There are 2 protein chains.
Amino acid sequence: MRPTSIKPRWLSTEQQVIWRQFLSGTGRIFAELDAELRSFGLDLGEYEILVHLSDNPDHELRMSELADKVRQSRSRLTHTVSRMEAKNILTRIACPSDRRGVMAKLTDEGYALLVEAAPHHVESVRRVLVDVVEPEDFIALGRLMGAVVQAPEQS
Amino acid sequence: MRPTSIKPRWLSTEQQVIWRQFLSGTGRIFAELDAELRSFGLDLGEYEILVHLSDNPDHELRMSELADKVRQSRSRLTHTVSRMEAKNILTRIACPSDRRGVMAKLTDEGYALLVEAAPHHVESVRRVLVDVVEPEDFIALGRLMGAVVQAPEQS
DNA sequence: CGGGCACACTTGAGAGTTCAACCAATGCAG
DNA sequence: CTGCATTGGTTGAACTCTCAAGTGTGCCCG
């Protein structure tokens with residue numbers, strides 16, 4: 001169903017320029033990170049799964065929690081985890097406290113892969129973003145994205 | 001082929017926090033924009049195609065130019081344009097000056113769709129980004145993304 | 001002028017994602 | 001307790017994207 005009757009508050013020219021630069025910049029950032037990770041057979045989504053699993057003491061996390069942290073739909077996560085399971089990067093184990101639950105757990109192989117990929121990934125993040133911008137702008141980026149994340153949902 | 005022997009220059013804790021906020025923030029921004037555009041049967045990629053076509057006097061543009069502007073692979077653009085053509089949003093016409101070339105041209109319907117969707121899209125951009133951040137941080141975002149885009153390719 | 005390389009775009013198959021059911025366990029209301 | 005909405009996760013089909021290969025045109029160099 002299409003929304004109707006909006007009073008258009010257009011963006012100023014300067015705002016439009018910034019917005020387009022945002023689209024180009026993020027496009028480039030994600031493209032380069034994906035390209036770099038491809039050498040390890042991963043994409044950014046999978047890499048983030050590894051990172052969040054490894055953040056936890058036992059390298060395991062419930063599917064739904066993981067889905068929230070990596071901002072993927074449950075369905076997508078199920079499929080992705082299945083693929084990664086087939087590659088021996090992680091396993092699924094039953095959740096002890098809730099019989100509906102499933103936990104994804106990093107295998108040793110999966111952890112080793114993360115350890116191998118991480119330095120290259122970090123280097124990419126530096127090369128494409130951190131090292132090419134003014135430190136104070138980078139700080140501002142953090143403030144800005146913090147505000148975006150905390151803004152109320154308002155579906 | 002995997003890259004080898006990297007000296008890891010890790011990110012500081014503050015930098016990591018900013019980086020994760022960047023991932024979350026952009027994730028949210030794109031998710032909301034896509035959700036809003038879905039009511040018009042579009043996603044952000046298709047919407048950008050409409051915008052760039054409408055930027056030109058005749059509402060037409062060569063495929064490869066368009067591909068560059070929207071940062072999509074030629075292959076992807078071919079598929080997307082085919083789909084949009086099937087929906088009567090645009091047409092393909094032969095390029096007069098180069099027989100290899102193809103131009104995508106907005107139909108009246110396609111232009112009408114853009115006109116209808118645009119105000120809602122702009123409103124989304126405001127709601128999810130422009131209106132929730134400090135103006136000076138938004139300016140900084142522009143500066144920062146400008147630097148990212150202009151940074152040398154260094155494959 | 002003609003051989004060959006580069007460019008513009010398309011194609012099709014495989015890989016990944018989305019969307020709408022679906023099943024099973026939980027938990028709360030009466 | 002029992003009924004029923006909710007939550008957690010999966011499934012499969014339809015759709016989209018990627019990657020490598022293919023077609024046809026332009027252009028340069030001898």
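Atoms considered below: every heavy atom in the structure, side chains included; atoms not considered: hydrogens, waters and symmetry mates. Quick note on labels: first sequence line is chain A, next is B, and so on, each numbered from 1. Model, not experiment: these values are computed from the prediction.
Atom CZ of B:R74 is separated from atom C1' of C:dA6 by 12 Å (rounded to the nearest Å). A:D43 has its CG atom 15 Å from the C1' atom of C:dG14, to the nearest Å. Straight-line distance from the CE atom of A:M63 to the C1' atom of C:dA24: 16 Å, rounded to whole Å. Between the CD atom of B:E65 and the P atom of C:dC7 there is a distance of 16 Å, given to the nearest Å. B:M84 has its CE atom 16 Å from the C1' atom of D:dC15, to the nearest Å. Atom C1' of nucleotide C:dA15 and atom CD of A:E46 are separated by 11 Å, given to the nearest angstrom. Spacing between atom CZ of A:F30 and atom P of C:dG16 amounts to 19 Å, rounded to whole angstrom units. In this structure, the CG atom of B:L42 is 16 Å from the C1' atom of D:dC15, given to the nearest Å.
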Report task. Take nucleotides 19-28 of chain D nucleotide by nucleotide from the 5' end and write B, S or -, depending on whether a protein heavy atom sits under 4.0 Å from the base, only from the sugar-phosphate, or from neither. Result -> B----BBS--
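Counting non-hydrogen atoms under 4.0 angstrom, B:T78 reaches a base of the nucleic acid.
A salt bridge links A:R20 to B:D55: at least one charged side-chain nitrogen sits closer than 4.0 Å to a carboxylate oxygen.
Here the NZ-OG1 distance, from A:K87 to A:T107, works out to 12.0 Å after rounding to the nearest 0.5 Å. Rounding to the nearest 0.5 Å places CG of A:L42 at 9.5 Å from CD of A:E116. Between the CD atom of A:E60 and the OG atom of A:S54 there is a distance of 13.0 Å, given to the nearest 0.5 Å.
Residue A:R83 places at least one side-chain N or O closer than 4.0 Å to OP1 or OP2 of C:dT17. A sub-4.0 Å separation between OP1 or OP2 of D:dT16 and a side-chain N or O of B:T80 is absent.
Pairs engaging residues 70-95 of chain B under the ring-ring contact (aromatic ring centres under 6.0 Å, His included) rule: none recorded [sequence neighbours left out].
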**Report entry** Steps toward side chain to side chain donor-acceptor pair (under 3.5 Å) verdict (A:S12, A:E14)
**Finding:** CA-CA 5 Å; A:S12 71; A:E14 297 78 26; 3.2 Å; yes
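In this structure, A:F40 has its ring center at least 6.0 angstrom away from the ring center of A:H121.
The nearest heavy atom of DNA chain C to B:G101 and to A:Q72 marks one nucleotide each, and the one closer to the 5' end goes with B:G101.
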